[in-house]
Amino acid sequence: VPHFSMMDKVSNRYLGSMAMLLANGKIKKKYNIKDERQEMFEKLATWTEALGDKEFMGGKAPSLADLCVFGCIRAVKGTTTHAEILRETEVGPWYKRMEDAVGLSARTSRT
């Protein structure tokens with residue numbers, strides 16, 4: 001962020017990382033998550049099962065639910081997790097329709 005001072009940038013980078021590391025354990029405990037990858041795959045299986053033969057959860061057009069799940073998956077684009085999600089789950093066709101509906105990401109053009 002251009003208007004952040006160097007101190008703000010350093011604080012956000014290191015203190016923010018530490019806060020997220022500490023929060024991770026509490027979140028996993030709160031929701032009784034033992035293996036986050038397994039949990040992710042189970043939730044994506046539930047999602048695709050609920051999606052069924054529909055183009056989107058919202059029917060013919062994406063709903064807020066579609067955007068939320070899509071955003072979570074797109075956030076890890078360019079990582080091995082993203083490739084694994086598309087390779088080992090059934091969300092691929094829906095994800096492609098969402099990419100077409102949403103368009104390119106303004107975040108990055110790396111991938």
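Note that the numbering runs from 1 along the sequence shown for the chain.
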Evaluate side-chain contact (heavy atoms from CB on, under 4.5 Å) for Thr48 paired with Thr89, printing each intermediate quantity in order. CA-CA 9 Å; Thr48 54; Thr89 70; 5.8 Å; no
Checking Phe56 now: which residues fulfil ring-ring contact (aromatic ring centres under 6.0 Å, His included) with it, not counting sequence neighbours? none
Can you name the closest pair of heavy atoms from Lys34 and Lys28 and give their distance? O-NZ, 4.2 Å
Looking at CD1 of Ile73 and CE of Met40, how far apart are the two atoms once the value is rounded to the nearest 0.5 Å? 9.0 Å
Is it true that, when you exclude Glu90 itself, more than 12 heavy atoms of the residues, nucleotides or ligands shown sit nearer than 6.0 Å to its CD? no
Who passes side-chain hydrogen bond (donor to acceptor under 3.5 Å, both in side chains) against Glu42, sequence neighbours left out? Gln38
Glu55 versus Trp94, closest heavy-atom pair with distance: O-CD1, 3.5 Å
Can you tell me how far CE of Met57 sits from CG of Leu64, rounded to the nearest 0.5 angstrom? 12.0 Å
Nearest heavy-atom pair of Gly103 and Arg74: which atoms, and what distance? O-NH2, 2.7 Å
Taking the six-membered ring for Trp, are Tyr95 and Phe70 parallel (under 30°), tilted (30 to 60°) or perpendicular (over 60°)? tilted
dist Leu51:CG -> Thr46:OG1 (nearest 0.5 Å) comes out at 12.5 Å
Would you indicate whether Arg87, at its atom CZ, is surrounded by more than 12 heavy atoms from other residues, nucleotides or ligands within a distance under 6.0 Å? yes
Rounded distance [0.5 Å steps], OG1 in Thr81 versus CG in Leu86: 11.0 Å
Is the backbone of Lys9 close enough, under 3.5 Å, to the side chain of Asn12 for a donor and an acceptor to pair up by distance? no
Look at the side-chain heavy atoms of Ile, Leu, Val, Met, Phe, Trp and Tyr, link any pair under 4.5 Å apart, and say whether Met20 and Val76 land in one connected group. no
Taken to the nearest 0.5 Å, the spacing of Arg97 CZ from Asp66 CG works out to 9.0 Å
For Leu67 versus Met98, what's the shortest heavy-atom pair and its separation? CD2-CE, 3.8 Å
Flag the pair Glu88 and Arg37 as a salt bridge only when some basic side-chain nitrogen lies within less than 4.0 angstrom of an acidic carboxylate oxygen. no
Determine whether Ile33 and Leu44 fall in the same hydrophobic cluster, where Ile, Leu, Val, Met, Phe, Trp and Tyr are linked whenever their side-chain heavy atoms lie under 4.5 Å apart. no
